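Since we're looking at a predicted model, the values are computed, not measured.
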Amino acid sequence: MNLLKKKNIIFFVFSIFLLISFMSCSSTQKYPAEATIDGSVTIKPKKFDSPDNTGLAFGFITGGKSLMGSDKYPGGLFFLQINPKMEAKSMVMAFEDMVFYTSSQPVGMHFHLVSRVTTSGNVTYYQYPGIQDAPGAIDVIIKKPGLNYFGSYTVDKSNNFVTDDTKTELDALKILKKKLAKTSWENTIDSRIKELEK
């Protein structure tokens, strides 16, 4: 094997290594895949309260597309409960395949995205949409008992969250069903899926 071929092989292997490293850094899960309230209380799906008197909010949030065309993890998303009539709480939503969801919550809770943390390689980026509906803000509101779909979001060229019409409530429910199987929410999810498939 001549020197040129060796150099080409080394360059190819090194390029693949860099690509894998970049993809893993861009999509690494930084938070537990369970809903977390006030930073420390992790609530497992089987512990969720009944959908008869509490609500669960869910929807898609992605960080755009990767080089390979798959959805990117949007980063660490930190929400605050801002309804002054309700208990003050912070929350990190659980997620499965880019479907983010809350634990069961009282009707009236209004969680607002106040910060986002993303990483790319060795660089960490911080965004603070704030309370005043700045670009990139997302509101997650428990409007009624049962399921509350808050929509689908991706990022624009400025890396702010915008609505995404390519994903639907039905798509999200089919993913959520896997995570909440054999819980008190399974029948509610099945009923809503059948309703949307009519």
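The side-chain heavy atoms of D190 and E186, taken from C-beta on, include a pair separated by under 4.5 Å. Side-chain contact between K143 and V107: absent, with no pair of heavy atoms (C-beta onward) separated by less than 4.5 Å. By the 4.5 Å heavy-atom criterion applied to side chains, M98 and P74 are counted as neighbours. At least one side-chain heavy atom of M86 sits under 4.5 Å from a side-chain heavy atom of Q81. Residues K174 and I189 are not in side-chain contact: their nearest non-hydrogen atoms beyond the backbone lie 4.5 Å or more apart. By the 4.5 Å heavy-atom criterion applied to side chains, Y125 and R116 are not counted as neighbours. Using a 4.5 Å cut-off on side-chain heavy atoms (C-beta onward), Y101 and L147 make no contact. A heavy-atom distance below 4.5 Å is not found between the side chains of F60 and T168.
One hydrophobic cluster holds both M93 and I175 under the rule that ILVMFWY side chains link at heavy-atom gaps under 4.5 Å. L56 and L196 fall within a single hydrophobic cluster, where Ile, Leu, Val, Met, Phe, Trp and Tyr are joined by side-chain heavy atoms under 4.5 Å apart, directly or via other members. Follow the hydrophobic side-chain contacts under 4.5 Å out from I193 and you reach Y149 in the same cluster.
Salt bridge annotation for E197-K194: absent, with no cationic side-chain nitrogen under 4.0 angstrom from a carboxylate oxygen. Salt-bridge check for D71 with K167: passed, with a basic side-chain N closer than 4.0 Å to an acidic carboxylate O.
One distance of note links CG of N148 with CD of Q105; it measures 11.0 Å at 0.5 Å rounding. Interatomic distance, T118 OG1 to Q127 CD, rounded to the nearest 0.5 Å: 6.0 Å. Once rounded to the nearest 0.5 Å, the distance linking OG of S70 with CG of D97 reads 11.0 Å. Taken from CZ in R192 to CG in N187, the straight-line distance is 16.0 Å, to the nearest 0.5 Å. Of the inter-residue distances, the one linking T163 atom OG1 with Y153 atom OH reads 7.0 Å to the nearest 0.5 angstrom.
Counting heavy atoms of neighbouring residues, nucleotides and ligands inside a 6.0 Å radius, atom NZ of K47 does not exceed 12 of them. Within a 6.0 Å radius of NZ in K144, other residues, nucleotides and ligands contribute more than 12 heavy atoms.
Checked against the 6.0 Å centroid threshold, F100 and F95 count as a close aromatic pair.
Checking N83, I82, V140, L80 one by one against H112, the side-chain contact (heavy atoms from CB on, under 4.5 Å) holds for a single residue, I82. The only member of T54, L176, D49 that meets side-chain contact (heavy atoms from CB on, under 4.5 Å) when paired with W185 is T54.
In summary, the side chains of D164 and T166 do present a donor paired with an acceptor at a separation below 3.5 Å, with no hydrogens or angles considered. Inspection of the S50 and S184 side chains reveals no N or O donor paired with an N or O acceptor under 3.5 Å.
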Under the side chain to side chain contact (heavy atoms under 4.5 Å, CB included) criterion, do V92 and F78 qualify, and how do the steps go? CA-CA 5 Å; V92 174; F78 185 75; 4.2 Å; yes
